[in-house]
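Quantities reported herein were computed from a predicted structural model and do not represent experimental measurements. We number each residue from 1, following the sequence as shown.
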Amino acid sequence: MTPDRLTSDPAAPVLFEGCFGWLHSAAGRRGVVLCAPYGSEALATHRPWRGFAQALAAAGLPVLRFDYPGTGNSAGDEDDPARLEAWLDGIRAAAAHLRAVAGVEEVALVGLRLGGLLAAAAARRAAADALVLLSPSPPGRAFLQELRAVALLADRPAGAPPAVGPEGIDSAGFRLTLETAEALRGLDLARLTEAPAPRVLILDRPEGRAAAVAERFRALGSAVEEAPFPDHARLMTSVQNAASDCSAFARTAAWLSSDLPPAGTALTAHPPEPRLRLAGAVERPLRFGAGAGLFGILCEPDTATPAGRPAVLLLNSGATPHSGTGRMSVRLARRLAARGIASLRMDLGGLGDSASKPRRRDGLIYCRDMVEDAQAGLGALAAAGHGAAVAVGLCAGAAVALRVALADPRVVGLALVNPGRFALGDGVTQEEAIGSAVKPAAAYLPRLTEPAVWRAILRQDRKASRVARGLSERAARRLRIGAGRLRAGLTGRGYARDDVLHAFQALADRGVRTLMVHSAGDVTLGELEAQAGTDGGRLRRMGGLWMERLAGADHSLMERAARERFADLLDELLDRIGTGAADALRGRGPGPPEGTGALRVNHATGNSPA
């Protein structure tokens with residue numbers, strides 16, 4: 001199948017003072033620095049934020065959006081000291097970089113949620129000419145209260161450490177240390193003693209607290225405009241559903257583009273290819289694929305890679321951008337580089353920083369054309385000198401990893417984490433994928449011992465009927481898969497599209513080694529059970545594949561201990577593959593590793609397998 005052509009984004013990746021960013025060129029003399037929200041809110045708004053930058057540039061405003069130090073693709077870590085000061089200085093550096101490379105005479109800072117608080121706090125050191133606060137967190141203590149409440153109310157796996165503890169606040173895979181929390185607690189925009197900028201626009205949600213801030217800014221001499229932010233909830237809802245047609249973004253673009261200084265000449269020559277040098281690693285952004293519409297970060301060791309060692313292709317987890325939930329992909333990539341292994345963390349079409357696909361909305365997962373995107377990632381690795389690769393995917397990314405392994409012999413290993421499905425189609429939202437998930441029998445059978453459940457089923461109670469429907473759907477699916485296998489055996493005409501046993505057997509026959517990891521009790525175990533039996537029995541008996549359970553882990557591996565345990569398992573997979581990847585690529589790889597038939601249950605704390 002010929003892949004749909006993606007439209008390349010004219011924005012250029014840039015690097016300044018250890019911060020990674022994107023420069024969206026325009027001819028205007030007023031530039032804009034976008035200050036993103038924090039943590040899971042930054043992931044949820046990543047795609048709309050990118051679209052906002054594109055719209056501002058189309059209105060004649062050069063734009064720089066960037067990752068704060070220790071976040072996204074920037075250098076550093078969230079546990080590093082003095083994070084607040086580093087974030088504020090990062091905003092200053094962004095404004096200075098925009099002035100230097102785009103030749104703008106004015107710079108406006110636009111901040112969303114925590115980014116609004118940071119933008120206002122950094123406005124004077126950045127010499128901002130204008131400031132836009134979108135649903136800001138005026139006092140830092142209010143932001144901390146919200147973050148703490150979200151962390152405490154979130155479902156956590158059994159055995160996971162408390163969300164709020166001596167290490168700080170752990171929320172959706174991100175950690176705010178106690179030091180950073182205390183520094184943020186001291187920020188209060190209503191107590192500023194100097195006007196942050198001559199002109200200020202504040203767009204706040206109905207329950208926001210920005211009215212006092214507006215009055216304070218007026219008292220300090222700023223010209224302040226206020227308006228509602230009706231799209232706040234829709235914008236922040238999820239990575240998959242975040243609104244791209246946000247009215248607050250349109251209002252901001254109109255406000256910033258009014259009374260523009262006379263336009264100059266738009267930047268036409270992109271800056272030199274940026275390279276971020278880290279301890280043990282060098283990172284550089286890549287544009288590749290049809291129309292150079294796909295994006296990824298190539299992370300390579302700062303010394304030569306051992307010959308024959310495969311690289312690692314890190315695919316999106318669901319619709320999350322290439323940095324990963326809790327920055328998981330960034331951490332994995334830099335850890336791998338320290339071991340001498342290159343990697344590419346990439347965005348598939350319509351996700352993260354890759355271009356949209358024609359005739360398909362952004363944010364969809366389980367799309368069959370993503371196989372071609374992943375193959376383009378393999379091509380980018382090959383062009384960098386890494387001809388063989390291990391494909392790594394979580395959730396929907398696992399399905400893409402499996403399918404690209406079947407389609408491309410350059411894949412010599414697989415690491416699949418909580419695969420929700422094993423087949424691809426026209427694409428679904430995350431909510432649709434969750435709604436159609438096949439739950440394990442253990443989720444239903446205990447309920448059937450309760451007489452009240454049977455009585456409810458007989459009177460067609462809605463909740464109880466879902467139990468019966470779930471069981472009938474499971475049975476029908478197992479029958480369909482079984483019939484397909486029988487038909488294939490009798491006719492030799494192949495298997496059902498979503499029957500994975502023959503797929504894994506084909507990979508094992510080719511010498512591909514596969515690691516399949518499930519969080520203990522994860523809903524995706526139902527799909528595994530439907531395909532291979534309880535605990536994946538048929539797959540456990542297959543050579544070249546071994547399976548793990550992670551205790552104390554959630555679906556997206558937001559817990560640090562779970563992420564670290566998976567990183568150890570990936571190291572083990574790479575060690576099993578060793579430096580024989582070149583032979584495996586030619587179909588002469590070594591046999592399956594010893595003991596691959598055993599199912600082990602590993603505790604996220606790193607205990608020995610049970």
Side-chain angles (χ1 to χ4, degrees), residues 39-40 147-176 238 317-318 320 324-328 331-332 394-396 398 415-420 430 433-435 437-450 453 463 466-467 470 474 515-530 532-537 539-540 546-570 572 598-610:
S40 61
L147 187 68
R148 179 186 174 93
V150 169
L152 291 174
L153 292 173
D155 291 332
R156 297 177 70 77
V164 180
E167 300 297 326
I169 304 173
D170 287 325
S171 178
F174 296 91
R175 173 172 293 173
L176 199 69
S238 70
S317 168
T320 301
T325 301
R327 217 182 176 207
M328 178 177 171
R331 296 174 185 274
L332 275 176
L394 189 156
C395 187
L416 311 178
V417 184
N418 291 326
Q430 178 172 325
I434 293 173
V438 181
K439 293 183 179 180
Y444 297 110
L445 296 181
R447 302 288 311 280
L448 297 182
T449 64
E450 304 172 19
V453 172
K463 291 184 179 179
R466 279 203 295 267
V467 176
R474 283 176 47 80
L515 163 69
M516 189 184 300
V517 178
H518 284 87
S519 301
D522 195 72
V523 67
T524 57
L525 287 167
E527 176 71 14
L528 178 66
E529 186 177 292
T534 304
D535 289 331
L539 290 178
R540 279 189 283 131
W546 92 96
M547 305 173 70
E548 298 281 349
R549 296 286 188 276
L550 293 183
D554 62 285
H555 176 73
S556 298
L557 305 192
M558 294 182 186
E559 300 299 326
R560 283 195 169 196
R563 292 200 299 261
E564 290 166 3
R565 181 61 191 136
F566 171 68
D568 291 340
L569 291 170
L570 181 58
E572 184 178 348
L599 170 65
R600 300 186 297 175
V601 179
N602 285 279
H603 294 273
T605 54
N607 296 337
S608 300

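Taking CE of M558 as the start and CG of D155 as the end, the distance is 10.5 Å to the nearest 0.5 Å. T524 OG1 to E529 CD: the interatomic distance, rounded to the nearest 0.5 Å, is 11.5 Å. The CZ atom of R327 sits 15.0 Å away from atom OG1 of T320, with the distance rounded to the nearest 0.5 Å. Note: R175 CZ to R560 CZ = 4.0 Å, rounded to the nearest 0.5 Å.
Closest approach of A172 and S40 over heavy atoms only: CB-CB, 3.7 Å. G536 and M547 make their closest contact through O-SD, 4.0 Å (heavy atoms, listed as atom of the first residue, atom of the second, distance). Taking every heavy atom of both residues into account, A532 and L539 meet most closely at CB-CG, 3.8 Å. Closest non-hydrogen pair, L394 versus S556, comes out as CD1-O, 3.9 Å. Pairing each heavy atom of P419 with each of A398, the nearest pair is CB-CB, 3.7 Å. Considering every non-hydrogen atom in both A151 and S171, the closest pair reads CB-CB, 4.1 Å.
Although no hydrogens or angles enter the test, the distance criterion places no donor-acceptor pair under 3.5 Å between the side chain of D535 and the main chain of G537. Looking only at distances, no side-chain donor or acceptor of R549 sits under 3.5 Å from a matching main-chain atom of V517. Checking side-chain atoms of N418 against main-chain N and O of S519 turns up a donor-acceptor pair under 3.5 Å. At least one donor-acceptor pair under 3.5 Å links the side chain of R156 to the backbone N or O of P161.
For the pair S317 and M328, the minimum side-chain heavy-atom distance is 4.5 Å or more. Between R565 and L557, the closest side-chain pair of non-hydrogen atoms is not below 4.5 Å. Looking at L550 and E559, their side chains never come closer than 4.5 Å, going by heavy atoms from C-beta outward.
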